[in-house]
Structure formats: C-alpha cells, structure tokens
Amino acid sequence: MEEKNKLTMEKLVTHCKTTGIVYPGSDIYDGLANTWDYGPVGVELKNNIKKVWWKRFIQESENSYGVDAAIMMNPKVWEASGHVASFTDPKMDCKSCKARMRADNLIEAYSKGETDVDAMTNEEMEAYINEHKVKCPICGNFNWTPIRQFHLMFQTSRDITGDSNDVIYLRPETAQGEFVNFFNVQRTARAKVPFGIGQIGKAFRNEITPGNFTFRTIEFEQMEHQWFCKNEEQGFKYYEEYKKEAMDFLLDLGFNKEHLNYKDHEKLAFYAKAACDIIFKYPFGWNELNGIHYRTDYDLAQHQEYSGKNLFYIDPMTNEKYIPHDVEYSIGADRLTLAVLCEFYDEETLEGGDTRIVYHFHPAIAPYKVAVLPLQKNLGEKAREIYKKLSKRFMCTYDESGSIGKRYRRQDQIGTPYSITIDFETLENETFTVRDRDTMEQVRMTVDELIKYVEEKIMF
Ligand code: ATP
C-alpha cells in the first residue's frame, strides 16, 4: 500500500474485528487455525463482490453458464484430476518448536517476493534455505527437517464398508465441478463451443502455512470460470483475452494499476501451455490474487478416460468431433475481499485537523448503500418510514446513537457511500440531506430522487 495509508495487517485485522467485517473463527474458543467468520458488514461486502463477479463473467457473457456443484464428489474425480497423486506442498518442520512450514513460503517471505519460487525444485529450495540460513518465523531458530511432500486434500469417510473405499474428499478446488458437468451443461443449454461454465463455491485445502489474515486459509471460496474452445490456436487467443478481462474487472472495481501486475508462471504443469497470476501489492508484499491458465484439453480428456463416458463435442455445423480445450480463470472470493479491504482503506486528515478512517469502495460492493440517520431521536418515526422504503431497494443501515459527526465517521469506516440525515425540514417537505462519503458534500433530495441516484451509482 502507499505510505500515506500506513496500513499494516495488524491494523486491518483490528479494524475488521471492531467494525463487524471479519472476526476470528470460533472466537470464544480462541479460534481455529486461521479460520475467519464474516460479520454483518463483511458478509455484505463479500456477497457484493461475488455478485459483481457473477454479473461480469456469467450474466454479461452471452455464452457462459453457471453451476453449483456438490462439494463432495466421486473420489475418482480426484484421481482423474491428478489431485490424489500430486496435490502436495513441500513442507519442512522446525525441529526446535515443531512449527510446520511450506518451504516455498519461507523463501517468499525471506526474499520479500523477489525470488521466483515457482521455478525452483525441492532440492533448490532446500539449498536456498540452508545457504541463507532462513530462520523459523515462530521461534527464530534455524533447525529444519529436510523437505517432505504434504498432502493438501482433506479427507472424510462415509464409514460404510470401513475400508479405504469409503474415503471421500472435500474438494480442493471448484474447477472439477465445472469439468464433470461439461456434457450436462452443453446439452441442456444447447451451448456451442466456445462457451463457458462458471461457479462460486467453497474449497478446502489443508494448507501447511495458513496466514496473513484471510489470504491463505484452510476453507475459502473460489470464483472460477472455464472457457471451452476448439483447439490450441483458440486456447492461446482466449488465454490472452482472459488475462485482459481479469485485469479490467479489477480496474473497474477501482484498483490502482500500480498495485496490480501480471506474473507469468515459469514452471508449467505438464499439460498446461500457458499460465499466469495477477499479483497485488498487499501490505505484506506482492502476492497472488488470481490465476489464469490455458489447460489444453487435459481435464476433459482425463475425465473421459477415468469415467469411461464420451466427452467429445460434435460441431453442429461441420460435424467435427473433438475434446474442447480449456482456459481457466480462477480467483478467491476471500482473497479478492482481502485485496479490496487493503486497496480502498484510507486515513484522511480533514480540515480542522480531525482524522477519519474511510473505505472508498465502489458503491456496487459497499456493504450498505445508504445509512439513515435521524438528527434527533424524536425524528425516528419519519426516519424509519424512509428506511423502510429504501431498504426495499438496497441494503441500508439505521443509526440514531451519538452525535451526527460520530455517526458519519462510523459509516465512513465501513464505506457506506451515502448517509442521509432526517431533520425537521423532512417533516415539512419530505427532503433530507444526502452526504457523499468521498467528497463529504451534502445535497437535499427526496426518497424517489435518492433511489434513482443510488441505483445509477451502484451499477457495475
Ligand atoms: P497459492 O499459490 O496462493 O497457494 P494457488 O496458485 O494454489 O494459490 P489456485 O489453485 O490457482 O491457487 O487457486 C485459485 C485462486 O484461489 C487463487 O488465485 C486464490 O485467489 C484462491 N486461493 C487458493 N488457495 C487459497 C487459500 N488457501 N486461501 C484463500 N484463497 C485461496
């Protein structure tokens, strides 16, 4: 972040907890290894982020379709996808304090993101850690075990036969739900290649080093979109298009270009022909926000082989028969929410020396669109009548406690774009003042004028 904000992760975590954005999970039991719960303000923010993503990538794409697949899938899915065999991370244990760490994360943190760990083998990572004497971030000692591979999929069991056939997994990514439904969607939507399938849903990974607030958690939501196309030529073309669309989406949300960048993967999975991340400048350094991968026809071909079902697409015009290629765009809903919380935070000094914390969210994702504030408690009846009308249109909040200045500050710190003050003039002519969060300017409007105004502003 820019220096002017001086936003640290500690500050952000405290701000989120005190304003009802995010609380530690199972808080009264002292939490559970980096799980987090969204509070009343945070759930609105994250839901709005999911809504604008869905609008952009499903609703506005003439040929994209949504699904909501089950979290638990036939275990063969994860054999076909390669997760059972190789969804692992390089772990090292600290022999002094027993902390378990990811070798690549240790190097990233040590080199402040300057070393490209994606391009390193396990041997190279171990050599780097030994050469630089990278210490345990928990106890400060340099006393590591060698690197071992650690499986990231959570397992559970239906306990029917009591043997290993009972094992099922919590999905570690939503993508397979789109792949296994390729044929269903193509048929029922009568979709013609190229077309897309997207979904938003939970994924679970037994991450060795969760941390940095909601950046890396063991349970998170992904927003994924698979674009199926004909062949390699189209695959590369759409890969470039999705790189741009993914970036445009962030810029349209108001992200500063200087805080985003592309990072090409140097080490590609054997089936992938191109892959990159969009990285963001978090307070703890540059790191991944989302990924774009050109995955060839690997996924559908694997599912065809493992399921024994025919997943060929037959072009209705030419009768050509082929397995479509896939360009995947994947972004964590929680990770994007975190980036939004970092990017739009500001501390401002006002005229007269007062300071305020303010979130400059795009109105489309702001948790509450309007705060209804009666100037005095005895204006409550009128204020509630107005709240009732406005809340039929969009999420509003009501606050009648404390001075009006304090109430404005409360709204600023959760990013409410418009605060309306009901005063005695409202009783006479049905108008109220509307205060703009960013400019702090005030104008008088009626309910109908405000609805029209806000509806235009929250368009995304
Ligand atoms: P990373 O390198 O950070 O572990 P990844 O490259 O494994 O992520 P993908 O498998 O491509 O991530 O997942 C797509 C997106 O899902 C990521 O870009 C990120 O936004 C989100 N994501 C992945 N893992 C987590 C996690 N443990 N917690 C929160 N979000 C995650």
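Every number for a ligand or one of its atoms is a count from 1 in the order of the listing.
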Looking only at protein heavy atoms, identify the closest one to [atom] and say how far it is in Å.
atom                    : answer
atom 28 (N) of ligand 1 : T217 N, 3.0 Å
atom 29 (C) of ligand 1 : F215 O, 3.2 Å
atom 14 (C) of ligand 1 : S330 OG, 3.0 Å
atom 12 (O) of ligand 1 : E288 OE2, 3.5 Å

Below the 3.5 angstrom mark, is there an N/O of [X], backbone or side chain, next to an N/O of ligand 1?
X    : answer
R335 : yes
I331 : no
T214 : no

E173 side chain to A203 main-chain N or O, any donor-acceptor pair under 3.5 Å?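 No, E173 side chain to A203 backbone: no donor-acceptor pair under 3.5 Å.
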
Counting N and O atoms only, with roles assigned by atom type, does the side chain of R335 sit under 3.5 Å from a partner on the main chain of F220, one being a donor and the other an acceptor?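 Not a single qualifying donor-acceptor pair exists.
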
Does even one non-hydrogen atom of E173 get within less than 4.0 Å of ligand 1?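 Flag not set, E173 not near ligand 1.
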
Under 4.0 Å to a heavy atom of [X] - the qualifying atoms of ligand 1, by number:
X    : value
N290 : 18 (O)
E207 : 24 (N), 26 (C), 27 (N)
Q222 : 13 (O), 14 (C), 15 (C), 16 (O)

Less than 3.5 Å apart, any donor N or O on the side chain of T174 or E224 sitting next to an acceptor on the other?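 Short answer, yes.
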
Donor + acceptor pair across side chains of Q226, H293 (<3.5 Å):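 No.
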
Part of D334 within contact of ligand 1 (heavy atoms, under 4.0 Å):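 D334 to ligand 1: no contact under 4.0 Å from either part.
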
Does any part of the side chain of E108, heavy atoms only, come nearer than 4.5 Å to the side chain of T115, both counted from C-beta?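 Counting from C-beta outward, T115 and E108 never come under 4.5 Å.
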
I'd like the name of whichever of E224, R205, R216 reaches closest to atom 24 (N) of ligand 1 through any heavy atom.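 Shortest heavy-atom distance from atom 24 (N) of ligand 1: R205.
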
Using heavy-atom distances, let me know which of F87, F220, Y329, F280 sits nearest atom 25 (C) of ligand 1.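 When every heavy atom of F87, F220, Y329, F280 is considered, F220 comes closest to atom 25 (C) of ligand 1.
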
Cation-aromatic face contact K243/Y262, 6.0 Å, 45 degrees: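 Yes, K243 and Y262 form such a contact.
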
Just one of Y65, F57, Y329, Y238 clears the ring-ring contact (aromatic ring centres under 6.0 Å, His included) bar with W227, so which one?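 Option passing the ring-ring contact (aromatic ring centres under 6.0 Å, His included) with W227: Y238.
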
Report the C-alpha distance between E207 and N34 in whole Å, list the side-chain angles of each, state the deciding distance to 0.1 Å, and finish with yes or no for side-chain hydrogen bond (donor to acceptor under 3.5 Å, both in side chains). CA-CA 10 Å; E207 298 275 9; N34 215 280; over 6 Å; no

Which residue in the set Q304, Q302, E305 passes side-chain contact (heavy atoms from CB on, under 4.5 Å) when paired with L311?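 Answer to the side-chain contact (heavy atoms from CB on, under 4.5 Å) test with L311 among Q304, Q302, E305: Q304.
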
